Participant: 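Dropping a structure here in structure tokens format, bear with me for questions.
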Amino acid sequence: MRRQIDLSVYLVLDPGLCAGIGMVETARRAVAGGTTMVQLRDKDGGTARMVETGRALKAALAGTGAALIVNDDVAAAVEIGADGIHIGQGDMGVAEARARIGPDAILGLTVERPDLAAAVDPGAVDYIGAGPVFATPTKLDHKTPVGFDGLAAQIAASPVPAVAIGGLKAGHVAASLGAGAQGVAVVSAICGQPDPEAAAREIAWAVAAARG
Ligand code: TZP
Ligand code: MG
């Protein structure tokens, strides 16, 4: 039986943007503020650094109910004992990722177009990351921003739940959920903020308010 997922407030960690207090402390405070999922995304760290940080994150998140997802590196995810993996279109295929992480782990996939969302295999993929909604300096090679109409088109085509991503702040939560997203994925709206707990809480409240 695969884990239940709560995409409401999805924090994507970035080592550069979290440099002040670090990724683990950022995650700890963000989860205290209502973050439901935490993704370790460290494009330059290599597997050894991913595993070291991931283990510390796993310990920090134990008992909180927040899920730990590892970006791209399946070997690191397995070694950490993470709750899941998030891959993009340019990474290994979802079938291989699913085979390597096992049936119970969470598998997320980035899609940037409705046709890619429509092609998602719901037997292998648990959620999509849909967007990018806006341009963002956090990911310099992101695809062309799609806005909320493009987001809605991706989500409408997807057989699995979606989290919206790309330049999103608390003020964008209502429009994201209005487009069909179950939550918002953010980096800079939490990482590097003076008070990551308060920043996460503001997003969590916005999600609750948008759901009525
Ligand atoms: N994928 C698409 S946009 C993005 C990723 C990882 C970065 C989002 O960062 P921010 O700071 O929330 O705009
Ligand atoms: Mg990737």
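Since this is a predicted model, take the numbers as computed values, not measurements. In each ligand, atom 1 is the first atom listed, and ligand 1 is the first ligand listed. Nothing fancy with the numbering, it's 1 onward along the sequence.
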Participant: Quick check: does Pro132 get an N/O under 3.5 Å from an N/O on ligand 1?
Facilitator: no
Participant: Pull out every atom of ligand 1 sitting under 4.0 Å from any heavy atom of Arg41, numbered as shown with elements.
Facilitator: 6 (C)
Participant: Classify the ring geometry of His172 against Phe148: parallel below 30°, tilted from 30° to 60°, perpendicular beyond 60°.
Facilitator: tilted
Participant: Any side-chain heavy atom of Val12 sitting closer than 4.5 Å to one from Val186?
Facilitator: no
Participant: Can a donor-acceptor pair be found, under 3.5 Å and without considering hydrogens, that links the side chain of Arg41 to the backbone of Asn71?
Facilitator: no
Participant: Among protein heavy atoms, which sits nearest to atom 12 (O) of ligand 1, and what does the distance come to when rounded to 0.1 Å?
Facilitator: Val187 N, 2.9 Å
Participant: N/O to N/O below 3.5 Å, does that happen between His142 and ligand 1?
Facilitator: no
Participant: Applying the side-chain hydrogen bond (donor to acceptor under 3.5 Å, both in side chains) criterion to Lys43, which one of Asp73, Asp14, Asp72 satisfies it?
Facilitator: Asp72
Participant: May I ask whether Val12 places a heavy atom under 4.0 Å from ligand 1?
Facilitator: no
Participant: Quick one: report the N, O or S atom of Asp91 that is nearest to the Mg ion (ligand 2).
Facilitator: OD2
Participant: Under a 3.5 Å threshold, yes or no: a donor from one side chain and an acceptor from the other, between Thr64 and Arg28?
Facilitator: no
Participant: Would you say Ile69 and Tyr10 make side-chain contact, with heavy atoms under 4.5 Å?
Facilitator: yes
Participant: Of Glu112, Lys139, Gln39, Lys143, which has the heavy atom at the shortest distance from atom 7 (C) of ligand 1?
Facilitator: Lys139
Participant: Any non-hydrogen side-chain atom of Pro132 less than 4.5 Å from a side-chain atom of Lys139?
Facilitator: no
Participant: Can you name the N, O or S atom of Asp72 that is closest to the Mg ion (ligand 2)?
Facilitator: OD1
Participant: Do Met37 and Leu7 have side-chain heavy atoms sitting under 4.5 Å apart?
Facilitator: yes
Participant: Between ligand 1 and Lys169, is the shortest N or O to N or O distance under 3.5 Å?
Facilitator: no
Participant: Within the 4.0 Å heavy-atom shell around Ser188, which atoms of ligand 1 are there?
Facilitator: 10 (P), 11 (O), 12 (O)
Participant: Short list, please: which atoms of ligand 1 are under 4.0 Å from a heavy atom of Val186?
Facilitator: 12 (O)
Participant: Report yes or no: does Ala189 have a heavy atom closer than 4.0 Å to ligand 1?
Facilitator: no
